[in-house]
Amino acid sequence: MAVRVQSDPFDAGAELNSFARDRTGVGAVVSFTGVVRDTKGDLQEMLIEHYPGMTESAIAKIADEAVQRWALADVLVIHRYGPLKPGEPIMMVATAAAHRAAAFEAADFLMDYLKSRAPFWKKEVTAQGAAWVAAKDADEDALKRW
Amino acid sequence: MAVRVQSDPFDAGAELNSFARDRTGVGAVVSFTGVVRDTKGDLQEMLIEHYPGMTESAIAKIADEAVQRWALADVLVIHRYGPLKPGEPIMMVATAAAHRAAAFEAADFLMDYLKSRAPFWKKEVTAQGAAWVAAKDADEDALKRW
Amino acid sequence: MNVVYFAWVRERIGLPEETVDTDAATVKDLIAELSAREDRYAAAFADTTALRVALDQELSDFDAPLDGVREVAFFPPMTGG
Amino acid sequence: MNVVYFAWVRERIGLPEETVDTDAATVKDLIAELSAREDRYAAAFADTTALRVALDQELSDFDAPLDGVREVAFFPPMTGG
């Protein structure tokens, strides 16, 4: 299990390959990449703030929970902070398992929990100014699925 | 939308990067990679047979269905045939969407349908001989989720 | 009519593809006709619950009419992905 | 006790972190104490339904006791992923 919290960009494809490489007993690898989305075509930058220390432990706790609930060979979580440009990857989750259902469900679960339980906050900067992204009720509701 | 049926190996990481690159309005990219799994530690080779012509049209039909059911920016499906070694990628699905739920659900849907509705058959070769992989009831049942 | 076989159906019948001259009205009729022809067909078609059929490269069923069909394919349940 | 603020809570209060000398028994008591101190605190803590709290880097709630706690963090609902 690997958890990385970093300001540096990462290469999702290279991470996927290195995560999937040289595994025995694995039939399914699922990855999720979150990308800075320019909803209205006016986004200059996205700033991601986090809570150093708590971030790492909160993500590790969520990943541990996934490992306990599903038969996983491995889990990878990478999450960036700092200033990001539209189209850049914000974060990535990957799961490896013998069977596809476990890999899919665990990745979906990890995303739902990272979204609402890992201490990150997004701020969008446009020509009109900067505004914090509001949490969605739907994101909190998504946790009830698990 | 891209569908590729090929005997050549592919680089899942490079495919993921090229699929995710230069998209506007996309916040979520999900990938699934299916890997040749050596269940008992004695697998020499996996042979994948397919039905040329029907394979491409069956996959395109499944991908079209996904595009109609979810708000997707794009879909990629790659499936190999011929002889494969343990640990090699068999196939890959990727989905890109504004939101994570659509990307996850569509990838999960595509996998369930590819598994039971695209004309591929797997044969496992071990020192004991060669045996066709039997379809699982669970795979057919998985279609009822959608 | 072109008849094609895949996976263990192909192995049991011993060929991947053949041209069959038939007046069979449905898939079931074609199976009966082939099964009567030789043991290897009878063996391959013994349990149709373990078989799938495609007509002109579209999944179909055993009651489907063969009128106008150019290619019939028989194979076991698919195991891709 | 170390008190830390993130996102708009940090901006509204105007600092990321401070040491607070307090005998507050619970998170609620600490909020009342800070809110009474200056308007910028009162503004930040006006609607606690829009706030989350962590005690020693674990999510907690406003009724939680502060006994033995070294770090209290206030922030809006998280928006990672």
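From a predicted model like this one, the values you see are computed outputs, not experimental measurements.
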(request) Just give me the residue among A/A134, A/S57, A/G53 that pairs up with chain D most often, heavy atom to heavy atom, under 4.5 Å. (result) A/G53
(request) Would you give the length of the straight line joining atom CE of D/M78 to atom NZ of A/K115, rounded to the nearest 0.5 angstrom? (result) 14.0 Å
(request) Please check if atom CG in D/D67 has more than 12 non-hydrogen atoms from other residues, nucleotides or ligands closer than 6.0 Å. (result) no
(message) For A/R117, which atoms come within 4.5 Å of any heavy atom of chain D: side chain, backbone, both, or neither?
(response) both
(request) Might you confirm whether atom CG of A/D8 has over 12 heavy atoms from other residues, nucleotides or ligands at distances under 6.0 Å? (result) yes
(request) Would you confirm whether A/W121, through its side chain, and D/G80, through its main-chain N or O, come within 3.5 Å as a donor-acceptor pair? (result) no
(message) Rounded at 0.5 Å granularity, tell me how far NZ in A/K123 sits from CD in D/E11.
(response) 3.5 Å
(message) Less than 4.5 Å to any heavy atom of chain A: does that hold for the side chain of D/A7, its backbone, both, or neither?
(response) both
(message) Can you tell me how far apart NZ (A/K136) and OG1 (D/T79) are? Round to the nearest 0.5 Å.
(response) 10.0 Å
(request) Could you tell me which portion of A/I90 (side chain, backbone, both or neither) has an atom closer than 4.5 angstrom to a non-hydrogen atom of chain D? (result) side chain
(message) Taking every non-hydrogen pair under 4.5 Å, which of A/E140, A/K61, A/M92 racks up the most with chain D?
(response) A/K61
(message) With rounding to the nearest 0.5 angstrom, report the CD to OG1 distance, D/Q57 to A/T55.
(response) 8.0 Å
(message) Using heavy-atom distances under 4.5 Å, tell me whether A/A58 contacts chain D through its side chain, its backbone, both, or neither.
(response) neither
(message) Can you tell me if D/R70 has over 12 outside heavy atoms packed within less than 6.0 Å of its CZ?
(response) no
(request) Enter the distance from A/Y51:OH to D/F75:CZ here, rounded to the nearest 0.5 Å. (result) 7.0 Å
